[in-house]
Structure formats: structure tokens, C-alpha cells
Amino acid sequence: MDFISILSIFVMACFVGYYVVWSVTPALHTPLMAVTNAISSVIIVGALIAAAAAGIGGTGATSKWLGLLAVVLASVNIFGGFAVTARMLAMYKKKPAAAAKH
Amino acid sequence: MEHVAVNPWASLAYLIAGVCFILALRGLSSPATSQRGNRYGMIGMTIAVVTTLLTHVPMIAAQMQACITEAPGSTISSLPICGPTFLTTHIAWITVLEILAAIGIGAVIGLVTAKRIAMTDMPQLVAAFHSLVGLAAVLVAAAAFLNPVAFGIADAAGQILTVSRIEMGLGIAIGAITFSGSVIAFLKLNGNMGGKPIMLPGRHVINLAVLAAIIGLVAYFTQDQSAWVFWTITALSFAIGFLLIIPIGGADMPVVVSMLNSYSGWAAAAMGFTLHNSAMIITGALVGSSGAILSYIMCKAMNRSFISVIAGGFGAEAATGDGEAKEQRPWKRGSAEDAAFLLQQAEQVIIVPGYGMAVAQAQHALREMGDKLKEHGVRVKYAIHPVAGRMPGHMNVLLAEANVPYDDVFELEDINGEFAQTDVAFVIGANDVTNPAAKTDKTSPIYGMPVLDVEKAKTVLFIKRSMGGVGYAGVDNDVFYMDNTMMLLADAKKMVEEIVKSLD
């Protein structure tokens, strides 16, 4: 992909983000932060590339270990972020129909 | 371009992952669809990780070296030109195990933390998670700098491409700022560091100088890719993240946490540009705009400009101004029994929770009180100010944790008109967000901030630990001294529990 195609994806995604996020109900702003945090750990893709690259050359080995460390950090975020979001979202309950009107 | 031809199936998979992330956020438009949304997020992440693992199978170094010499100009991602048998017979299984172990370690830490964390500690947790994203971004950028060939961003001579250098420089700068800023935010929210702003003399000049240096160095990095340039950018960015957050006080934390959320997104996007990866770019843009919008909402809810929040120092004057201008005004003190009596007689009660409720962990007792009142035929509603608590939506999560149904919980603009027809406004641990001075007193530091009109209710019950303390803005609240206000001075949780007892 050339730079302009990538930039186009980025600009379009910013617009999508703008409209999608405004539609999020304020009551769910904390889960929103938790889940955005989890998905921004997609940076793990870069970490995996670094970790999987065989250490060709002197700096290759360092690069690999940095990658592995980044994989650990990003995994903490991915698993922790999605799990804590799921835990929060499970707590949001509607009024039980029976107790609503007395 | 020198960039390696990317497998079109891989690009498609990353695009699908990006769409899953959009659907994940879309699901949050209502609590009913939110859990499905979260599952989309997990699916997207799985697709991204599996795709990366399949297209970047670790190979034994010596063999790969041979393959590359055999087919000059190829790099790791185009290795299949060496033939499919090469792929299956020369997988570096040790590396595969290392990667799986790394994911496993992270998974255990993440899942245990997510399970154990108390809901009141959510702001700290989010700040800590942001710092991890920041640090991961720094590590990935450093790995790419050290081994550009593996990332497909090196030209034939082994130099990093100019465009990639800009992207990389920005990525590491934003990542490092996210990391050190989030660490400070975490320490402040977790109480390891005082919530009071710490003001360095001449900090604006220092900050601007450091920022200018970072920008200058990123520009210079395109000309000279020496290691010192790269590492100086990293070090300066760590420093600026620290310097930026240090002077910001506790009450402004919702903005800071949102802002760091935004930065973690931009860091991911910058790395996505470097790696030409659409999943990362889409996610980065989503997260970046999400954090930016949340910061905007928080600033608006405090009637403060983003710049003034970032400049910091809000709430620092409170401590000094305390002693002098303290006139004694009469106020009424009530007991739990008085409060219980008033609440029981009411037709409608609106509960206004604030940070104090979170600190006292009073949400469960509060829900019990609400249930008891409902048994007595009282209509109970909850009113949430956007900046109540330490992060966006903080109060909503705590009430949800205590099993308060979400259709009893209202946002400021939806409920503010109802206070006039309300018998009791029950304020628990909130202060500035109820202060009428924001509407009338032009000299007040919170003037112009939208507030909940609790003073319009027939009676105001105000739980507060003591009369001495003022809110974060350091402003006295006229509501305390009104004829129809009864102050309940005690720990929020104890007071609510006593009220519950008296309601029997």
C-alpha cells in the first residue's frame, strides 16, 4: 500500500470514530475507555513481527527481545481490557419488570 | 516502492479486524447491545493476532539467511518464494514457544487483574493499562529501529525509509508520552502521589522547549538515522509526559485520563503507518477520536478550555485561600433519623452521587436505601454529572455494580428540570457539581460550569464528612447554608447505613 492509500484509511477511520463515539451513551463511558484501551493493544501486531523475526545481524536479537516484552505488555492489556469491560458490562441491568411498578 | 508485497489475504483479514473494532464501539450505544460489541472486539483482536502469526512464522536464522542470499532482495514477509517446504521444515519452534509463552504470561496477569480489581479502582486500572500501551508502542518502535528489515521498512542499503522514519519518530514520541504521563496519572489516582498539582517554576517554558526539541529531532531524524537521535527523542518524550501531568490536580483527572486514552490511540496509528497495517490504523483512529471526544465532553462539563486544563494548576489556590475569607454562616445539622423521616415522606427523591461516594464505597448501601424507599412507594432517581468521579462514566459503573437498574440513572440535561418537582435531593459525596455559584457568581472559578439544580428541590440532604473541607475547586457552596438544606456530617457509607436502619 502506498502512503496515500494508508492516509485515506486513516482519515476515513477518524470520521467513523467521530460519529461512532458520539453515539456511545454517557453511562457507558468507562467501559468505552476500557475497551478502546484493549483494542489499541492491536499494537501487538508490531510486537509479534519483531518477536518472530529471526535475529539476523547484531541488533536483531535485541529487537526480538524487545518484541517479546512488548507482546507480554500488549497481552496484559488485551486480556485484561476485554475481561474488565465484560465484567463491567455484565453489571448494567434493566429495571426488573416486576419491581418497576408497585 | 521498496515495500514488500503484502499478502492480499492478510490485508483483507486486517481490514476485517478493523471493522470488528468499529462494531465493538458501535455496540456501546446502549447497554443492551454492549456485550455483543465487546465480543466483536475480541473477535477482531483474535483475527489480527492469528493473521500476524501466520504471515510471520518464525524461521531458523541460518536457513533464512541462506534463503535471502539465494533470492536477493527478499525479506522475511516474502519468504514463501523459497518454497512451501522451506516454510514447514525450518520453523523455529523455540521462537514460536517463546511467543506463545509471552502471550500466556500477559493473559494470566491481565485476567487476574481484571477479575480482582475493585470497581472503585477503575480509573487507576485504566491509567495503568494506558501506560502499558504506551510502553508497548515504544518497544515496538525501538524493535523496528533496530531491525528495520524484519518490518519491511528498510531500503536496499539497509537504511530506514524516510517516510517510515517520520512515522517511527512520531510513534515513539507519542508512545513515550503516553507511558510516562499514564504512570503519573496512575500514581495520582492510586493515592501514591498527592492529588495536589505540583508546580515547577517556569514549567511552561521548559515544556515548550522540550516539545520544540522533540519536533526538531523528529525532523532531523529523517536526515540522520543515528541511534543517538532516536534515543534522545525517546528520553525527551518520557520527560515531557512526566512534566505535562505533574501539575494537573485531582479534579482534572477525567480530562487527563481521556487525553491519555486518545494518545494511546494515536501511538497505535503511528505504528500502523510504519507497518502499513490497516487494523492498527483504523483502531488508532477510533481510539484517538474516542479519547479526544471524551476530553472535549469533560472540558465542556467543567466549562474549561482544554488548554487551561493542560496548563494545569487548578485547585492549587484552594489551600492558600482557605484561612482568610472564612465567614461563619448558620447551617442546619441533621441526624440519620431526620433524614430517614424526610425521605420516607417524599414522593420523589433524586440522588446525586459524587467522588465521595466512591471513596467511601457507599454505592451498595445507597442502593439498599433506594430499595427501601421504593418499598415505601417513593420514586427514586439518580442524577449523574458528567465530571462526577475521576473518569468519564465512573458513577454509572459504580451504581451498576451495586445493581441499580440503568433506567433509574439519568444524565444532567435529562433530569435537571425535575429538581423543582422533587421533594428531596440527596447529595452524597458531590460538591462542586451542585454549586449554584456556577450560575450566578461571575468571580467564581467554576462560573459557567453546568451544575445540577439541587437547590430547587423542596429539601436538600447533603452528606459530607465535615464542614471544613471544600470541593476540589476550593469554592464554598451556598447550598450548605440554605433554609431547606440539612447537612448530614459523617462518612457517606456509615450515614447511609444508619438511614437504612432508621427506614425500617
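For D371(B), no part lies under 4.5 angstrom from a heavy atom of chain A. Contacts of E411(B) with chain A are made by side-chain atoms alone, with heavy-atom separations under 4.5 Å and no backbone atom involved. For chain A, the nearby part of L125(B) is the side chain; its heavy atoms alone come within less than 4.5 Å. With a threshold of 4.5 angstrom between heavy atoms, V409(B) does not approach chain A through any atom at all. For V96(B), no part lies near chain A; criterion is any non-hydrogen pair under 4.5 Å. Neither the backbone nor the side chain of T51(B) comes within less than 4.5 Å of any heavy atom in chain A. For I78(A), the part lying under 4.5 angstrom from a heavy atom of chain B is the side chain only. Both the backbone and the side chain of I22(B) come within less than 4.5 Å of a heavy atom of chain A. Only the backbone of S30(B) comes within contact range of chain A, with heavy atoms under 4.5 Å apart. Only the side chain of M45(B) comes within contact range of chain A, judged by heavy atoms closer than 4.5 Å. Looking at L132(B), the atoms closer than 4.5 Å to chain A (heavy atoms on both sides) sit in the backbone and in the side chain alike. When heavy atoms are compared at a cutoff of 4.5 Å, F410(B) does not approach chain A at all. M42(B) touches chain A through backbone and side chain together, each having a heavy atom under 4.5 Å away. Proximity to chain A involves both the backbone and the side chain of S29(B), based on heavy atoms less than 4.5 angstrom apart.
Contact tally against chain B (heavy-atom pairs below 4.5 Å) for M88(A), M33(A), M12(A): the top residue is M33(A). Between chain B and the options C14(A), G17(A), G80(A), heavy-atom pairs under 4.5 Å are most frequent for G80(A). The choice from P31(B), A107(B), S289(B) that makes the most heavy-atom pairs within less than 4.5 Å of chain A is A107(B).
Under the side-chain contact (heavy atoms from CB on, under 4.5 Å) rule, I282(B) has a single partner from N277(B), L15(B), V287(B), which is L15(B).
Taking every heavy atom of both residues into account, M91(A) and E401(B) meet most closely at SD-CA, 3.4 Å.
A salt bridge does not link R379(B) to D408(B): none of the charged side-chain nitrogens sits closer than 4.0 Å to a carboxylate oxygen.
Y14(B) and T52(B) share a side-chain donor-acceptor pair at under 3.5 Å. A donor atom on one side chain and an acceptor atom on the other are found under 3.5 Å apart for H130(B) and N261(B).
Using a 4.5 Å heavy-atom cutoff, the side chains of I6(A) and E167(B) are not in contact. Using a 4.5 Å heavy-atom cutoff, the side chains of W65(A) and E98(B) are in contact.
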Side-chain atoms of residues 37-53 of chain A: list all donor-acceptor pairs with protein atoms under 3.5 Å, sequence neighbours left out, distances to 0.1 Å.
| unit_1 | atom_1 | unit_2 | atom_2 | d |
| --- | --- | --- | --- | --- |
| N37(A) | ND2 | N77(A) | OD1 | 2.9 |
| S40(A) | OG | T36(A) | O | 3.2 |
| S40(A) | OG | N37(A) | O | 3.0 |
| S41(A) | OG | N37(A) | O | 3.2 |
| S41(A) | OG | A38(A) | O | 3.3 |

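The backbone N or O of V397(B) lies less than 3.5 Å from no partner atom in the side chain of T30(A), so there is not a single donor-acceptor pair.
With sequence neighbours excluded, the residues satisfying ring-ring contact (aromatic ring centres under 6.0 Å, His included) with F10(A) are F273(B).
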